[in-house]
Amino acid sequence: MDRLAVYRRDLDGLARLSRRRVLSHRQGIDFSSNDYIGLAQSPRLVAAARRALDAGVPVGAAGSRLLRGQTEAQARFEDVAARFFGAEAALGFGGGYVANFAVLTTLPQRGDLLLMDELSHASTHEGARAGRAQVATFRHGDVGHAADVIADWRAQGNTGAVWIAVESLYSMDGDRAPLDELMALADEHGFLMVDEAHATGVFGPQGRGLAHHLEGRDNVVTLHTLGKALGGSGALICASRVLIDFLVNRCRPFIFATAPSPLMAEVGLESLAILRDEPWRQAVLQGHIDCFGAEIARRLPHLRVSGSQIVPLIVGQNAPTMELAAAVQSRGFDLRGIRPPTVPEGTSRLRLSLTLNASRAQVIRLAELLEELWPDS
Ligand code: PMP
């Protein structure tokens, strides 16, 4: 009996659709990571980690926060981060995926509506699926549609709270959510949950994110990941004290998991200090964004650019997307093809991310190369 046949068949099916993934090593100039402001290997973060180890900060938390896993480093980090982001309180998680899942399975209650943008990250979809609230989606970025969905739900006699879940900067399209309009809707109906994964460290004053002006409200919950622009790993949920206390008491992925590494808390503290001390990082990245946008507008004018550090260059079908990615990679640029189900069918793309790990000259060289290799040109 071949117990593995079912898995092999599935993998073969993916291969036929040019969708079978393999893990490949990093190679070439970085145009694919989320290390937007170049902190992951920065001397300051490395030194902070070394200092912390030398000072006896443990590598592992060794338990759940409610048991022995509570560390001084983590508590201090949360305190500083809450003040930095402008929230009443913050709570750390091992990563953004688990943080989204944790919040969405814990805060929206039975009888509530969790209403999310259709292009929300997989972790939001999974949290919604596993949670207690009713779930609906609205068309990407379309506040009018979100309002209609809520009106229909209310018309059915529902009186619960509405949790609107969005990303401030969408991970695959690099466009922004209309946060102020969504906030107005949330003020009327419930809560706004903003995943700042790709905006933290990049946008807003000192890289505090695109929802920085909304932080501190009692109906706003934000997610700041530490593994992207901040250069480490983990995530923070920022919210009112009562919601954070509720998570501590009711959130199973928090209660029954080993706390994040205290070493990462020390690294996170240094990342926040860098955001305060080194605003030039955001400025250089903005320079890359503007430069690449201008190059593409000139060389491949039919392509749309996002205006952020995440630039989706949509090819369409899977095979040509992967061929283009391979051709660019073979010339020394690390840039990846993204296929369904990560993005909708027919919108396979090169997802380019601009980071400080590439120079301005390399950004321009990549634009030249794309013009040369683009399937239609
Ligand atoms: N939210 C968004 C929008 C993301 O893009 C990601 C990571 N790709 C996550 C959450 C998950 O964060 P982490 O990688 O820290 O688990």
Side-chain angles (χ1 to χ4, degrees), residues 34 36 81-82 84-90 96 99-100 103-104 107-108 112-121 123-125 127-128 133 135-151 161-225 228-230 235-240 243 275 282 285-286 289 304-312:
N34 301 318
Y36 300 125
F84 179 82
F85 289 113
E88 221 171 84
N100 251 334
V103 165
L104 296 175
L107 294 184
D112 289 353
L113 175 68
L114 172 51
L115 176 59
M116 55 189 183
D117 188 287
E118 63 186 352
L119 293 191
S120 292
H121 190 255
S123 52
T124 298
H125 283 270
V135 178
T137 55
F138 63 95
R139 283 193 296 274
H140 178 55
D142 186 342
V143 183
H145 187 226
D148 289 347
V149 174
I150 295 173
V162 178
W163 286 80
I164 302 172
V166 295
E167 284 165 40
S168 55
L169 190 77
Y170 283 88
S171 61
M172 288 298 145
D173 290 78
D175 59 335
R176 300 169 180 211
L179 288 180
D180 292 330
E181 290 95 322
L182 291 164
M183 188 69 244
L185 208 51
D187 281 340
E188 207 178 322
H189 291 284
F191 295 85
L192 181 63
M193 160 90 190
V194 185
D195 180 343
E196 293 258 46
H198 296 277
T200 306
V202 176
F203 292 111
Q206 298 180 319
R208 278 157 44 206
L210 290 165
H212 63 90
H213 58 303
L214 305 175
E215 297 259 16
R217 299 184 181 210
D218 68 352
N219 63 342
V220 169
V221 178
T222 58
L223 164 63
H224 295 284
T225 55
K228 302 182 195 293
L230 298 194
L236 290 164
I237 293 297
C238 292
S240 65
L243 291 184
L275 292 188
Q282 281 87 25
L285 183 59
Q286 188 60 50
I289 296 167
R304 181 189 72 91
V305 292
S306 60
S308 75
Q309 81 281 18
I310 300 171
V311 190

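Values below: every heavy atom of this structure, side chains too, minus hydrogens, waters and symmetry copies.
A donor-acceptor pair shorter than 3.5 Å cannot be found between the side chains of Ser240 and Glu88.
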Using the rule given for side-chain contact (heavy atoms from CB on, under 4.5 Å), can you reason through His145 versus Glu118, listing the C-alpha separation, both sets of side-chain angles and the distance that settles it, and then say yes or no? CA-CA 11 Å; His145 187 226; Glu118 63 186 352; over 6 Å; no
When you look at Met183 and Arg217, which way does the side-chain contact (heavy atoms from CB on, under 4.5 Å) test go after all the steps? CA-CA 10 Å; Met183 188 69 244; Arg217 299 184 181 210; 3.5 Å; yes
Please step through side-chain contact (heavy atoms from CB on, under 4.5 Å) for the pair Phe203 and Ser308, ending with a clear verdict. CA-CA 9 Å; Phe203 292 111; Ser308 75; 4.1 Å; yes
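Ala82 is linked by a side chain to side chain contact (heavy atoms under 4.5 Å, CB included) to Ala90, counting only residues two or more places apart in sequence or in another chain. Listed by chain and residue number, Asn100 satisfy the side chain to side chain donor-acceptor pair (under 3.5 Å) test with Thr124 (two or more places apart in sequence, or in another chain). Contacts of Asp142 classified as salt bridge (Lys or Arg N to Asp or Glu O under 4.0 Å), with partners at least two apart in sequence or in another chain: Arg139. With sequence neighbours left out, Ser120 forms a side chain to side chain donor-acceptor pair (under 3.5 Å) with no residue at all. For Ala99, the side chain to side chain contact (heavy atoms under 4.5 Å, CB included) test picks out Phe93, Leu223, Ala235, Ile237, with sequence neighbours left out. Contacts of Arg176 classified as salt bridge (Lys or Arg N to Asp or Glu O under 4.0 Å), with partners at least two apart in sequence or in another chain: none. Residues passing the ring pair (Phe, Tyr, Trp, His ring centres under 6.0 Å) test with His140 are Tyr170, sequence neighbours excluded. Remark: Glu167 engages no residue in a side chain to side chain donor-acceptor pair (under 3.5 Å) (not counting sequence neighbours). Considering only residues two or more places apart in sequence or on other chains, Ser171 meets the side chain to side chain donor-acceptor pair (under 3.5 Å) condition with none of them. Contacts of Asp180 classified as salt bridge (Lys or Arg N to Asp or Glu O under 4.0 Å), with partners at least two apart in sequence or in another chain: none. Every residue meeting the side chain to side chain contact (heavy atoms under 4.5 Å, CB included) condition with Ala81, not counting sequence neighbours, appears here in chain and number order: Phe77, Phe85, Leu236, Leu272. Considering only residues two or more places apart in sequence or on other chains, Phe191 meets the ring pair (Phe, Tyr, Trp, His ring centres under 6.0 Å) condition with Trp163.
Interatomic distance, Leu114 CG to Thr137 OG1, rounded to the nearest 0.5 Å: 10.0 Å. In this structure, NE2 in His125 is found 4.5 Å from CE in Met116, a value given to the nearest 0.5 Å. Here the CG atom belonging to Leu185 is positioned 4.0 Å from the CD1 atom belonging to Ile150, to the nearest 0.5 angstrom. Atoms CG and CG, from Leu214 and Leu192 in turn, are 7.0 Å apart once rounded to the nearest 0.5 Å. Rounding to the nearest 0.5 Å places CD1 of Ile164 at 11.5 Å from CD of Glu181. How far CG of Leu210 is from OG1 of Thr222: 12.0 Å, rounded to the nearest 0.5 Å.
The minimum heavy-atom distance between Leu243 and Ala239, with the atom names listed, is CB-CB, 4.1 Å. Taking every heavy atom of both residues into account, Ala186 and Asn219 meet most closely at O-ND2, 3.7 Å. Annotation for Gly204 and His212: closest pair CA-CD2, 3.9 Å, computed over non-hydrogen atoms. Taking every heavy atom of both residues into account, Leu275 and Gly207 meet most closely at CD1-O, 4.0 Å. Heavy-atom minimum distance, Leu179 versus Ser168: CD1-CB, 4.1 Å. Summarising the geometry of Ala229 relative to Thr200, their closest heavy-atom pair is CB-O, 3.1 Å, with the distance given to 0.1 Å.
Using a 4.5 Å heavy-atom cutoff, the side chains of Tyr36 and Ile310 are in contact.
Within the 3.5 Å criterion, the main-chain N or O of Val166 finds no donor-acceptor partner in the side chain of Asp117. No donor-acceptor distance shorter than 3.5 angstrom exists from the side chain of Gln309 to the backbone of Ile289, with no hydrogens or angles considered.
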